[in-house]
*Asks:* 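Pasting a structure here, questions to come.
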Amino acid sequence: MEMGKELPVREMIEKALGMRMFSYVPYSGYRVGAALLGEDGVIYTGCNVENAAYSPGNCAERTAFFKAVSEGQRAFRAICIVGGSEDARAKQLAEYAPPCGMCRQVMMEFCQPDEFQIILARSVEEYEIYTLEELFPMGFGPGNLMQK
Ligand code: THU
């Protein structure tokens, strides 16, 4: 079996950690950073952006996806997610920050569930990698709407 290209895991974790600096979180204080690797090799970044009306707030992962798609990239290999209530500059986080259900659904739109890699990290040394299929089994995606 042909092995896929190695993921730039360390670079993705560093970028995701750095994005926590830009999180706008006056309500939760929970800073999330994301680094999304496009098939073009570009890493698209995102942070969470909250809102006084709560619902309009956006997660870090969806910020990264919408930045990428709005710049013409629709194919992705992996995303790294980091999150926690620690200081914006923290490079070591206490817990993993798994993606919320809505973000998993957005991933389903653009990613192959059995191929797309989700890197959950607490630091550059501590991380776990899952496929989208593992975190979102039997997800509903574009294929379900295809005419037979
Ligand atoms: N959050 C994310 O950015 N990504 C997730 O997948 C889970 C939750 C954000 C939303 C909100 O700003 C804060 O974390 C607390 O829920």
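Whatever order the structure lists ligands and atoms in, that order sets their numbers, starting from 1. Only heavy atoms go into these numbers, but all of them, side chains included; no hydrogens, no water, no symmetry mates.
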*Asks:* Does any N or O in the side chain of R77 come within less than 3.5 Å of the main-chain N or O of L37, such that one atom is a donor and the other an acceptor?
*Replies:* no
*Asks:* Output the list of atoms in ligand 1 that are nearer than 4.0 Å to some heavy atom of P99, sorted by atom number.
*Replies:* 6 (O)
*Asks:* Taking atom CD as the centre, does E95 end up with more than 12 heavy-atom neighbours from other residues, nucleotides or ligands that are less than 6.0 angstrom away?
*Replies:* no
*Asks:* Using 0.5 Å steps for rounding, measure from the CZ atom of R74 to the CD atom of E39.
*Replies:* 14.5 Å
*Asks:* Hey, is G57 one of the residues with a heavy atom under 4.0 angstrom from ligand 1?
*Replies:* no
*Asks:* Could you check whether atom 1 (N) of ligand 1 has a protein contact, counting only heavy atoms that fall below 4.0 angstrom?
*Replies:* yes
*Asks:* Would a line drawn from the ring center of F110 to the ring center of F116 be shorter than 6.0 Å?
*Replies:* no
*Asks:* Check ligand 1 against S28 and write out every atom of the ligand that is under 4.0 Å from a heavy-atom position of the residue.
*Replies:* 13 (C), 15 (C)
*Asks:* Out of M102, R104, E61, who is nearest to atom 4 (N) of ligand 1 when you count heavy atoms only?
*Replies:* E61
*Asks:* Would you mind listing which atoms of ligand 1 come within a distance below 4.0 Å of any non-hydrogen atom of E50?
*Replies:* 11 (C), 12 (O), 13 (C)
*Asks:* What residue and heavy atom of the protein are closest to atom 9 (C) of ligand 1, and at what distance?
*Replies:* N48 ND2, 3.4 Å
*Asks:* Which heavy atom of the protein is the closest neighbour of atom 8 (C) of ligand 1, given with residue, atom name and distance?
*Replies:* C59 SG, 3.9 Å
*Asks:* Regarding atom 3 (O) of ligand 1: of the candidates A97, A60, A64, which has the closest heavy atom?
*Replies:* A60
*Asks:* Using a heavy-atom cut-off of under 4.0 Å, does the side chain or the backbone of C100 touch ligand 1, or both, or neither?
*Replies:* both
*Asks:* Can any side-chain N or O of N48 pair as donor or acceptor with the backbone N or O of Y30 at less than 3.5 Å?
*Replies:* yes
*Asks:* State the CD-CD distance between E86 and Q92, to the nearest 0.5 angstrom.
*Replies:* 8.5 Å
